[in-house]
Amino acid sequence: MRYLSRLFQPVITIPKNATLKNTEITCKSQKLLLECGLIRPTSSGLFAILPLARRALDKLESQIRLCIEEAGAQRVSLPSLTAASLWEKTGRLQAVGPELMKMEDRHGKKYLLAPTHEEALADLFADVGPLSYKQLPLLLYQISNKYRDEHRPKHGMLRAREFSMLDAYGAHDSMDSALQVYETVTEAYQRLFSRLHLQVHRVSAPSGDMGGSVSHEWQLPAAAGEDQLGVCENCQHATLDSGETCTQCGKTVQNVNSIEVGHTFILGTKYSSPLQAHHTPSSGPPEPIIMSCYGIGITRLLAASLEALSSEKSLRWPKPIAPYSICIIGPKASSREWQSHGWDAICRLHDTISHSTEYKNDIVVDDRHNLTIGKRLMMADRMGYPYIVVCGRSTQESPPKYEVYTSDAVSTTSVQLLTLDDLICFIGNGRNDQNKIKTNA
């Protein structure tokens, strides 16, 4: 059983009616993650990820692994340090320049902390190649920390110098193969964002320093976003170009701020050609591999989802990645409710939910029974647990009933009274009943 009092969660307590003048906090996700004790800055653009945020990231990584492996990808791990000479051969050492974190070892060999691994993968393909056309298409991925020397880090984990990222790389013997895999990964991305209940739009975008012939950004609308997205109110077609009418259906376009949470490319031979990454076709001499790549900023996606879903005062998570799915709040010690529904009853409730639903090991008990239910409920709602189960006055009824609070996007909280059997059914179904009492979070 997990006890809330044992969690390492250094909450920042702000006195009532206090005026904050911290200009470093520039968006609500950054503010909430800091104040709720989920992250801690170590220096400009660098953060310690604390246990609750780490749980959320672990869940998000699990969802992303499922997504990319559904598309046929195999996992690898590549060194964070990449030889600068590889980037020099592809021309990106100079093109990307100031954003690269560079270093030199004791022997004078130059390296960089890689923000992405196209060169490293092309070099790997060259080292083990030439690959046979029978081995292709090949899709490899990793999840690791990346580094970028941001000129002005801001918005917390939305623009940091160190960030977690999925990067996947395809090797193909033809453009047709590359396009086919590209669509397969696109469908996997769409399933991922659907599971997370996030309205992420795929939009055509310039390829920039990455190069290649096909490029799409994956954009999540959010007020703190630094990109501008035009979304059709009728067909939901989206573009990076702002406008008044949709080119697809002629209806009105709404211009919104958005955050790039992913990017996909067909790179062609931009990296394979200079780094000698070849494949042998069914006939003829070896040819450069056609490459594709796929990225999702994991820490950025976490922060962006909170930016899109949370209110100014309360965190709201995509349910699959909330640090804990259920928070149980028992009566205040020495209260009348505690006499009839005390610690033993709370433990039985925990065990029943754990064994009867999919949320085993995903429940936290607020064992701070010296605090009132109202105080603990307010703090639990601020944390955004998808289900908050309160053992209040109604537990004295026959049969006992529990107050069940469910959190929706942007601060709306619903509550209903349920018997234990109905509670198990409700949580087990993972959906809200239509007959709810609406209250403000």
Side-chain angles (χ1 to χ4, degrees), residues 63-76 78 90 92 115-122 124-125 129 131-143 146 165-196 198-220 227 229 236-241 248 258 260-273 275 277-279 281 287-298 300-301:
Q63 292 286 333
I64 289 172
R65 286 198 306 271
L66 177 63
C67 151
I68 201 67
E69 290 182 5
E70 282 178 346
Q74 303 172 63
R75 189 168 187 176
V76 298
L78 299 169
T90 62
R92 286 210 297 175
T116 183
H117 280 77
E118 286 74 23
E119 283 84 355
L121 252 295
L124 175 64
F125 291 147
L131 300 175
S132 167
Y133 75 96
K134 295 179 181 180
Q135 297 174 269
L136 305 179
L138 182 63
L139 187 59
L140 304 178
Y141 82 97
Q142 62 173 348
I143 292 176
K146 305 292 191 293
M165 181 176 160
L166 159 85
D167 48 324
Y169 303 90
H172 315 274
D173 63 349
S174 69
M175 182 58 73
D176 286 344
S177 170
L179 288 169
Q180 185 176 358
V181 172
Y182 193 84
E183 286 308 309
T184 299
V185 176
T186 292
E187 291 169 5
Y189 269 38
Q190 289 167 339
R191 287 194 296 272
L192 167 69
F193 295 125
S194 177
R195 287 174 188 147
L196 298 176
L198 296 174
Q199 295 295 318
V200 178
H201 299 273
R202 186 182 83 147
V203 295
S204 296
S207 57
D209 294 324
M210 292 287 289
S213 58
V214 177
S215 169
H216 289 92
E217 291 180 6
W218 296 76
Q219 293 275 350
L220 176 62
D227 294 324
L229 200 63
Q236 295 300 301
H237 177 73
T239 67
L240 285 175
D241 302 318
Q248 301 292 311
S258 62
E260 180 189 344
V261 295
H263 209 144
T264 54
F265 303 84
I266 293 182
L267 302 169
T269 61
K270 175 181 171 66
Y271 300 91
S272 57
S273 206
L275 295 174
H278 293 132
H279 76 279
E287 298 174 357
I289 290 170
I290 294 173
M291 290 180 62
S292 56
C293 71
Y294 313 89
I296 294 177
I298 299 177
R300 175 180 283 195
L301 177 57

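Basis for what follows: all heavy atoms, side chains included, without hydrogens, waters or symmetry-related copies.
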Participant: So Tyr141 and Arg65, do their side chains get closer than 4.5 Å, heavy atoms only?
Facilitator: yes

Participant: I'd like to check Leu301 versus Phe193 (side-chain heavy atoms, cut-off strictly below 4.5 Å). Are they in contact?
Facilitator: yes

Participant: Any side-chain heavy atom of Ile296 sitting closer than 4.5 Å to one from Tyr189?
Facilitator: yes

Participant: Check whether any side-chain heavy atom of His216 sits under 4.5 Å from a side-chain heavy atom of Ser204, and report yes or no.
Facilitator: yes

Participant: Output every pair passing salt bridge (charged side-chain N to carboxylate O under 4.0 Å, His left out) with a member in residues 182-192, not counting sequence neighbours, ordered by first then second residue.
Facilitator: Glu70-Arg191, Glu183-Arg202

Participant: Under the side chain to side chain contact (heavy atoms under 4.5 Å, CB included) criterion, do Leu240 and Leu229 qualify, and how do the steps go?
Facilitator: CA-CA 5 Å; Leu240 285 175; Leu229 200 63; 4.0 Å; yes

Participant: Look up atom CD1 in Ile143 and atom CD1 in Ile64, then write down how far apart they are to the nearest 0.5 Å.
Facilitator: 6.0 Å

Participant: Measuring from atom CG of Leu131 to atom CG of Leu136, what distance do you get when rounded to the nearest 0.5 angstrom?
Facilitator: 5.5 Å

Participant: Determine the minimum heavy-atom distance between Trp218 and His263, stating which atoms define it.
Facilitator: CD1-N, 4.1 Å

Participant: I need the minimum non-hydrogen distance between Ala71 and Leu139, along with the two atoms involved.
Facilitator: O-CD2, 3.9 Å

Participant: Under a 3.5 Å distance rule, please check whether Thr186 uses its side chain to pair with a backbone N or O of Tyr182 as donor and acceptor.
Facilitator: yes

Participant: Can you pull out every salt bridge (charged side-chain N to carboxylate O under 4.0 Å, His left out) where at least one residue sits in residues 206-216? Sequence neighbours excluded, please.
Facilitator: none

Participant: For Gln199, I'd like to know if atom CD has over 12 heavy atoms of other residues, nucleotides or ligands within 6.0 Å.
Facilitator: no

Participant: Using ring pair (Phe, Tyr, Trp, His ring centres under 6.0 Å) as the criterion, list what pairs up with His201, not counting sequence neighbours.
Facilitator: none

Participant: Rounded to the nearest 0.5 Å, what's the gap from NZ on Lys146 to CG on Asp167? Could you check?
Facilitator: 3.5 Å

Participant: State, to 0.1 Å, how close Ala122 and Tyr271 come at their nearest heavy-atom pair, and which atoms those are.
Facilitator: CB-O, 3.9 Å

Participant: What distance separates Asp227 CG from Gln219 CD, expressed to the nearest 0.5 Å?
Facilitator: 4.5 Å

Participant: Would you please test Gln74 and Leu138 for side chain to side chain contact (heavy atoms under 4.5 Å, CB included) and show each step?
Facilitator: CA-CA 9 Å; Gln74 303 172 63; Leu138 182 63; 3.6 Å; yes

Participant: Nearest 0.5 Å, please: how far is CD in Gln248 from OG1 in Thr239?
Facilitator: 9.5 Å

Participant: Look at atom CD of Gln180 and say whether more than 12 heavy atoms of other residues, nucleotides or ligands are closer to it than 6.0 Å.
Facilitator: no

Participant: Report yes if the side chains of Lys270 and Thr90 come closer than 4.5 Å at any heavy-atom pair, otherwise no.
Facilitator: no

Participant: So, for Gly295 and Met165, which heavy atoms are closest and what is the spacing to 0.1 Å?
Facilitator: CA-CE, 4.1 Å

Participant: With rounding to the nearest 0.5 angstrom, report the CG to CE distance, Leu275 to Met291.
Facilitator: 8.5 Å

Participant: Does a side-chain heavy-atom distance below 4.5 Å link Ile266 with Met175?
Facilitator: yes

Participant: Mind listing the closest non-hydrogen atom pair of Arg300 and Val261 along with its distance?
Facilitator: CD-CA, 4.5 Å

Participant: So, does Ser215 use its side chain to make a donor-acceptor pair with the main chain of Ala205 at under 3.5 Å?
Facilitator: yes

Participant: Do you know which two heavy atoms are closest between Met210 and Leu267, and how far apart they sit?
Facilitator: O-CD2, 3.7 Å

Participant: May I ask you to decide whether Arg92 forms a salt bridge with Glu118, counting only side-chain N to carboxylate O separations under 4.0 Å?
Facilitator: yes

Participant: Can you check whether His117's main-chain N or O pairs, donor with acceptor, with Tyr169's side chain at less than 3.5 Å?
Facilitator: yes

